[in-house]
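The model shown is predicted, which means the values in this text are computed figures rather than measured ones.
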There are 2 protein chains.
Amino acid sequence: MRLSRYFLPVLKETPAEAQIASHRLMLRAGMIKQATAGIYSWLPLGFKVLRKLENIVHEEQVRAGHIPMLMPTLQSADLWRESGRYDDYGAEMLRVTDRHGRDMLYGPTNEELITDIFRAHVGSYKDLPLTLYHIQWKFRDEVRPRFGVMRGREFFMKDGYNFDLTKEDALHAYNRHMVSYLRTYERMGLQAIPMRADSGPIGGDDTHEFLVLADTGESEVFYDSAITDLTLGDRVVDYNSREECEAIVREWTTPYARTDETHDEAKFNAIPEVRRKSSRGIEVGQIFYFGTKYSEPMRATVQGPDGKSVPVHMGSHGIGVSRLVGAIIEASHDDKGIIWPEGVTPYHAGIVNLKQGDPEADAACEAIYASLMALGLEPLYDDRDERAGGKFATMDLIGLPWWITVGPRGLKNGVVELTSRRTGESEELPPEQAVEKLALAYAGHVLRPAL
Amino acid sequence: MRLSRYFLPVLKETPAEAQIASHRLMLRAGMIKQATAGIYSWLPLGFKVLRKLENIVHEEQVRAGHIPMLMPTLQSADLWRESGRYDDYGAEMLRVTDRHGRDMLYGPTNEELITDIFRAHVGSYKDLPLTLYHIQWKFRDEVRPRFGVMRGREFFMKDGYNFDLTKEDALHAYNRHMVSYLRTYERMGLQAIPMRADSGPIGGDDTHEFLVLADTGESEVFYDSAITDLTLGDRVVDYNSREECEAIVREWTTPYARTDETHDEAKFNAIPEVRRKSSRGIEVGQIFYFGTKYSEPMRATVQGPDGKSVPVHMGSHGIGVSRLVGAIIEASHDDKGIIWPEGVTPYHAGIVNLKQGDPEADAACEAIYASLMALGLEPLYDDRDERAGGKFATMDLIGLPWWITVGPRGLKNGVVELTSRRTGESEELPPEQAVEKLALAYAGHVLRPAL
């Protein structure tokens with residue numbers, strides 16, 4: 001993309017309403033614009049990141065054997081009356097009446113609707129196990145929306161639902177979700193720690209939240225620092241193997257890690273003091289096993305191998321996709337702007353032309369642009385007729401992990417400058433070598449989404 | 001995908017509520033399930049097609065130089081009061097009140113919101129031309145929703161908006177959109193004819209609808225059969241060239257083609273009788289040039305080269321993405337089921353194992369499965385323990401363009417059977433040759449979306 005043809009409305013001033021870094025930086029980098037309280041338009045740069053996260057979530061869910069579908073945003077109130085949640089949900093649920101006076105609502109979650117689909121179409125244990133998920137806009141009418149997309153009212157979320165014959169099968173689904181979530185966050189450059197949590201309005205016996213450590217987190221968290229050393233790395237996981245999934249879950253849930261809601265002072269104090277950590281955390285996902293809480297009242301049953309009808313064991317599993325954009329920025333930024341991890345950066349590299357209009361500089365930039373595109377990388381070429389200082393400030397602000405600076409002086413010596421946003425370090429290289437370095441930096445990253 | 005692990009709830013009976021083929025077939029093929037009147041869940045097979053169409057629309061819009069972003073589903077009523085449309089829109093607009101008593105609405109279209117974004121961020125003619133678009137769920141509270149996704153209440157739509165300094169620039173944007181739409185429909189295997197139309201509630205001077213010929217269309221259309229011979233084929237279009245875009249628009253708008261709304265009997269009768277056709281048509285898109293209709297009341301102005309402030313010239317351009325799923329089926333089906341065009345088929349080929357559990361048949365199917373995957377094709381392998389008749393009926397119903405039948409008898413002679421859904425013809429071939437034929441059939445198709 002050439003910046004002269006893009007729509008990147010960066011702001012020089014810090015918007016007064018933004019209290020936290022991600023909100024401030026997303027506004028300043030031209031990623032979002034508030035449409036009305038707690039509801040945002042995703043400007044091109046923001047949308048590109050959102051779409052990347054969405055694709056990563058899809059890829060990791062499909063890898064785990066979960067099946068994508070899509071439920072609508074508006075639902076009939078009838079199903080929620082059946083589960084008993086219509087009255088329970090309170091003022092956070094946005095209630096709507098259509099032209100015929102029918103009660104509807106903007107879905108804050110989808111347990112009822114998916115259970116209705118399941119009971120209409122599945123009747124035998126032979127069709128299990130089954131995990132369906134979707135990524136769709138949801139609405140929660142927060143009293144006081146704030147922190148930008150971190151606590152918006154209209155938000156983009158992945159929610160998945162497993163249907164199993166037995167509790168054991170459902171716990172395998174639970175474990176499979178935990179592993180797939182760990183992978184998802186790792187690909188996004190995030191460390192998200194699973195912590196035993198309260199079940200809240202979804203209900204259930206077993207639940208973990210995933211928290212990203214950041215000063216601006218809404219929860220206080222307590223953890224054994226041993227957990228922050230864990231990574232999945234290149235491990236190949238067989239999601240059909242109960243043992244493999246369980247082993248990974250055990251690895252991640254053995255070190256102490258809890259939010260203030262479930263914190264146990266005595267257990268925490270049993271950890272060697274040097275590993276005892278407390279911090280703030282941002283919740284970016286949650287998984288639940290809730291057994292037959294919905295399948296019983298809604299009569300979602302299957303015929304078991306013995307011919308008897310039994311309610312299915314269910315769980316639900318969510319990742320806040322739009323919230324993650326903010327969480328990644330909270331975890332990865334500095335005074336100058338955002339620092340995107342390679343896995344989610346909207347563009348892979350910037351190209352800064354120090355002297356737009358100079359035939360040699362222009363030609364060198366075009367050649368680098370073409371080479372990067374040929375590698376499947378997406379460059380953002382700052383081809384505007386602006387001063388170098390402004391171009392560098394934009395690069396720092398929007399936070400692409402790498403950029404290449406091209407100027408007449410360097411070109412005389414056959415070199416360009418490759419800058420790492422994270423370290424701030426630059427090195428002079430012939431253009432081809434700079435391109436090769438970028439190819440290496442992105443080796444192993446999915447350049448084109450599979451879905 | 002293996003059918004034993006998929007969720008494909010095909011129905012044997014024809015659902016009573018479905019009046020038209022696409023609605024009937026989408027329900028029977030397990031593509032959708034009604035959530036409530038005019039609102040549908042997209043089951044896995046349906047979602048896969050919807051996502052493919054979405055990606056094609058994105059790719060063709062990006063190719064034309066238009067920039068993707070995303071606006072929210074809910075909007076504040078304030079902007080619509082500013083444009084004067086809040087009261088005009090009538091009962092089709094779904095009005096919502098939030099917990100603080102603020103008037104909101106579920107967007108049926110986005111002229112107001114995009115104009116608000118534009119005026120907040122763009123101030124100079126130097127930032128033009130600019131075309132922004134998004135693909136988002138919309139809502140129109142139809143009195144009598146019917147025909148499945150063809151006339152639903154919650155629907156998925158691409159809407160794009162161009163901002164230009166002059167009428168001439170805006171007309172180039174109009175032409176660019178027409179060309180990109182023609183390409184989009186062609187990639188979907190559709191012939192959609194641009195027809196001069198009425199502007200309706202969007203308003204404007206110049207507008208074309210795109211209509212797909214089908215018996216179940218809501219509009220009566222009259223056209224010169226010469227227009228159905230036109231194709232873009234492999235033409236490479238330079239979207240920056242006014243002349244190229246204009247020439248294509250001229251080519252497609254010279255032959256007579258109008259809906260009953262704008263039909264001109266005298267002009268129609270001037271066509272040689274043999275080329276005079278009338279039919280029914282399904283509207284799948286519409287483009288508008290409306291000048292300063294929104295930019296004036298909403299004060300979306302830029303400073304021109306002479307330093308004077310002028311309202312921008314705008315247009316808006318829509319493609320009904322969810323509706324297209326139905327339109328494609330209306331245009332391409334037979335008594336047995338759907339016949340997907342290669343460009344939009346949810347899976348590229350089926351594999352029918354005639355004797356599941358037979359070691360040789362199973363091994364041959366697995367090998368074909370792996371070969372197709374290695375080519376970037378997505379097979380749907382019917383590995384269920386079912387009778388051949390049921391498997392063939394499912395293949396016919398869900399309409400993949402090709403399938404390979406594998407059975408012990410053929411394997412003894414070293415052959416499998418390759419069947420074309422469109423012609424119904426089968427031929428016996430060694431497995432490798434069947435795979436090669438499929439590779440050829442999909443040559444030139446985008447297998448992985450670029451966005």
Q) Going by heavy atoms in the side chains, are A:H100 and B:V143 under 4.5 Å from each other? A) yes
Q) Any residues in residues 33-41 of chain A near chain B, with a heavy-atom distance under 4.5 Å, and which are they? A) A:K33, A:A35, A:T36, A:A37, A:I39, A:Y40, A:S41
Q.
Could you report the tightest heavy-atom contact between B:E154 and A:Q136, atom names first, then the distance?
A. OE2-NE2, 4.5 Å
Q | Test item: B:F7 and A:D127 side chains (from C-beta on) under 4.5 Å apart, heavy atoms | A | no
**Q.** Option in B:D78, B:L45, B:L130, B:I117 with maximal non-hydrogen atom pairs under 4.5 Å from chain A
**A.** B:I117
Q) Which of parallel (below 30°), tilted (30 to 60°) and perpendicular (above 60°) describes B:Y106 and A:Y106? A) parallel
**Q.** Which atoms of B:L74 approach chain A - backbone, side chain, both or neither, heavy atom under 4.5 Å
**A.** both
Q.
Could you walk me through whether A:R51 and B:E54 satisfy the salt bridge (Lys or Arg N to Asp or Glu O under 4.0 Å) test, starting with their C-alpha distance in whole Å, then the side-chain angles of each, then the deciding distance to 0.1 Å, before giving a yes or no?
A. CA-CA 13 Å; A:R51 187 85 174 175; B:E54 181 189 4; 2.8 Å; yes
(Q) Please identify, among B:I32, B:L43, B:T73, the residue contributing the most non-hydrogen atom pairs under 4.5 Å to chain A. (A) B:T73
(Q) Less than 4.5 Å to any heavy atom of chain B: does that hold for the side chain of A:I67, its backbone, both, or neither? (A) side chain
Q: Identify which part of A:M93 has an atom lying under 4.5 Å from any heavy atom of chain B, answering side chain, backbone, both or neither.
A: neither
Q. Once you round to the nearest 0.5 Å, how far does CZ of B:F47 lie from CG of A:L70?
A. 5.5 Å
Q) A:V96 pairs by side-chain contact (heavy atoms from CB on, under 4.5 Å) with which of B:D141, B:T97, B:V96? A) B:V96
Q | Region of A:L113 in contact with chain B, defined by heavy-atom distances below 4.5 Å | A | side chain
Q | Contacting region of B:L11 [heavy-atom separation from chain A under 4.5 Å] | A | side chain
Q: Answer with side chain, backbone, both or neither: which region of A:L50 has an atom nearer than 4.5 Å to a non-hydrogen atom of chain B?
A: side chain
Q) With chain A, which of B:E142, B:R102, B:H121 has the greatest number of heavy-atom pairs at distances under 4.5 Å? A) B:H121
Q | Spacing of A:D98 atom CG and B:F139 atom CZ [to the nearest 0.5 Å] | A | 6.5 Å
Q: Tell me, out of A:M69, A:M71, A:R153, A:R99, who's got the most heavy-atom pairs with chain B below 4.5 Å.
A: A:R99
Q: Using a cut-off of under 4.5 Å on heavy-atom pairs, state which of A:R95, A:H134, A:M104, A:K52 scores highest against chain B.
A: A:M104
Q) Quick one: of B:P72, B:P44, B:A120, B:P9, who has the most non-hydrogen atom pairs under 4.5 Å with chain A? A) B:P72
Q: Tell me, for B:L94 versus chain A, whether the close heavy atoms (under 4.5 Å) come from the side chain, the backbone, both or neither.
A: side chain
**Q.** Under 4.5 Å from any heavy atom of chain B - which part of A:L132
**A.** side chain
Q) Checking heavy atoms, do the side chain of A:S4, its backbone, both or neither come under 4.5 Å from chain B? A) neither
